[in-house]
Amino acid sequence: MRFCSALKPGALAAAALLAQAAALTAQDTDQFQLDLNAVTETEAGDCRLTYVAANQSGTALERASYQIALFDGEGVVSRLLVLEFGALVEGKTKVLQFDLTGTPCGAISRIVVNDAPACTASDGSESPLCMSSLAASSRTPIQFGI
């Protein structure tokens, strides 16, 4: 009996940990993930940003755009611009590239998502999820966030 009673708390603890892991996984999938995946200089000396967008929000988007702020090496905003991501199918990953004319990659220290001027669901309604469900990350030397 003692052996069995010792297993019950351990089994309950394991079940609780599995339930927590499942809850965290479910939370992670209800997001719109935007990853600054690469930055490269074009032949013209402009910075090319490569984004990977993964729409795991549960809502297909007809149109999405983001206003971003570019910060220079001194932490000063050097530009505000809007990047058009177009349609973003729910459950699909999309890779997009944007060339920043007149801006070399070395002149950018940080990029911040300032707003989502367009976030239209497939039924034509405006949606808040482009900002409310956004998770931003960077695999580059340039910081990227909200």
Side-chain angles (χ1 to χ4, degrees), residues 7-146:
L7 284 178
K8 285 183 182 179
L12 290 174
L17 286 173
L18 287 173
Q20 284 178 334
L24 287 174
T25 301
Q27 288 173 357
D28 288 346
T29 58
D30 292 339
Q31 293 182 347
F32 181 80
Q33 299 170 350
L34 192 55
D35 180 49
L36 178 56
N37 192 266
V39 293
T40 55
E41 297 282 335
T42 66
E43 287 183 21
D46 302 325
C47 189
R48 176 171 293 150
L49 307 176
T50 301
Y51 283 97
V52 176
N55 183 359
Q56 304 298 323
S57 68
T59 302
L61 297 174
E62 180 179 303
R63 180 175 175 228
S65 66
Y66 285 99
Q67 181 190 59
I68 61 169
L70 302 180
F71 290 78
D72 66 16
E74 302 297 316
V76 176
V77 174
S78 60
R79 283 176 78 178
L80 283 174
L81 59 133
V82 175
L83 303 179
E84 291 288 340
F85 283 77
L88 297 168
V89 176
E90 196 284 323
K92 182 171 181 340
T93 299
K94 184 175 183 179
V95 178
L96 300 113
Q97 291 185 322
F98 302 96
D99 289 353
L100 305 179
T101 305
T103 305
C105 294
I108 305 169
S109 65
R110 180 174 164 212
I111 300 173
V112 171
V113 177
N114 197 43
D115 195 12
C119 188
T120 309
S122 59
D123 65 2
S125 65
E126 289 300 312
S127 175
L129 77 86
C130 290
M131 287 301 291
S132 66
S133 297
L134 181 63
S137 61
S138 177
R139 296 176 188 261
T140 75
I142 298 173
Q143 296 176 19
F144 177 63
I146 303 169

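Throughout, numbering of the chain's residues begins at 1 and tracks the sequence.
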*Not counting sequence neighbours, which residues clear side chain to side chain donor-acceptor pair (under 3.5 Å) with T40? List them please.*
none
*For S125, does its backbone N or O pair with a side-chain atom of D123 as donor and acceptor, under 3.5 Å?*
yes
_CZ-CG distance between F144 and L34, expressed to the nearest 0.5 angstrom_ = 4.0 Å
*Taking S127 for the side chain and T120 for the main chain, is one N or O donor matched with an acceptor at less than 3.5 Å?*
no
*asked:* Determine whether a donor-acceptor pair (N or O, by modelled atom type, separation under 3.5 Å) exists between the side chain of K94 and the backbone of A87.
replied: yes
*Quick one: list whatever passes ring-ring contact (aromatic ring centres under 6.0 Å, His included) with F85, sequence neighbours left out.*
Y51, Y66, F98
*Would you please name every residue forming a side-chain contact (heavy atoms from CB on, under 4.5 Å) with S133, sequence neighbours left out?*
L129
*With sequence neighbours left out, which residue pairs that include part of residues 33-102 fulfil the disulfide bond (SG atoms under 2.5 Å apart) condition?*
C47-C105
_Restricting to side-chain contact (heavy atoms from CB on, under 4.5 Å), what partner residues turn up for K92, sequence neighbours left out?_
V89
*Sequence neighbours left out, what passes side chain to side chain donor-acceptor pair (under 3.5 Å) with E41? Give chain and number order.*
none
*Measure across E90 and S57 and return the closest heavy-atom pair with its distance rounded to 0.1 Å.*
OE2-N, 4.2 Å
_I146 versus L134, closest heavy-atom pair with distance_ = CD1-O, 3.3 Å
*When rounded to the nearest 0.5 angstrom, what distance separates CD in Q31 from OG in S132?*
10.5 Å
_Residue pairs passing the salt bridge (charged side-chain N to carboxylate O under 4.0 Å, His left out) test where at least one lies in residues 95-110, sequence neighbours excluded_ = R48-D99
*For S109 and D72, work out which heavy atoms get closest and say how close.*
OG-O, 2.6 Å
*Which distance, rounded to the nearest 0.5 Å, do you find between the CG of L70 and the CG of N114?*
11.0 Å
*Taking only residues two or more places apart in sequence or in another chain, which ones pass side chain to side chain donor-acceptor pair (under 3.5 Å) with S65?*
none
*Name all residues meeting the side-chain contact (heavy atoms from CB on, under 4.5 Å) criterion together with T101; count only those two or more places apart in sequence or in a different chain, and write none if there are none.*
D46
*asked:* For residues 51-62, which residue pairs pass the salt bridge (charged side-chain N to carboxylate O under 4.0 Å, His left out) check, not counting sequence neighbours?
replied: none
*asked:* side-chain contact (heavy atoms from CB on, under 4.5 Å) for L83 and L96? Distances and angles first, verdict last.
replied: CA-CA 10 Å; L83 303 179; L96 300 113; over 6 Å; no
*State, with a plain yes or no, whether a side-chain heavy atom of T59 is found less than 4.5 Å away from one of F32.*
no
*Any side-chain heavy-atom pair from S78 and T103 closer than 4.5 angstrom?*
no
*asked:* For a 4.5 angstrom cut-off between non-hydrogen side-chain atoms, does I111 reach L49?
replied: yes
_Atom of A54, atom of T93 and distance for their closest heavy-atom approach_ = CB-OG1, 3.9 Å
*asked:* With rounding to the nearest 0.5 angstrom, report the OG to CG distance, S122 to L88.
replied: 11.5 Å
*Between A116 and M131, which heavy-atom pair has the shortest distance, and what is it?*
CB-CG, 3.7 Å
*Got a sec, which residues hit side-chain contact (heavy atoms from CB on, under 4.5 Å) with N37, two or more places apart in sequence or on another chain?*
D35, V52, R139
*Using the salt bridge (charged side-chain N to carboxylate O under 4.0 Å, His left out) rule, collect all pairs that involve residues 126-136, keeping only residues at least two apart or in two chains.*
none
*Side chains of V39 and I108: closer than 4.5 Å at any heavy-atom pair?*
no
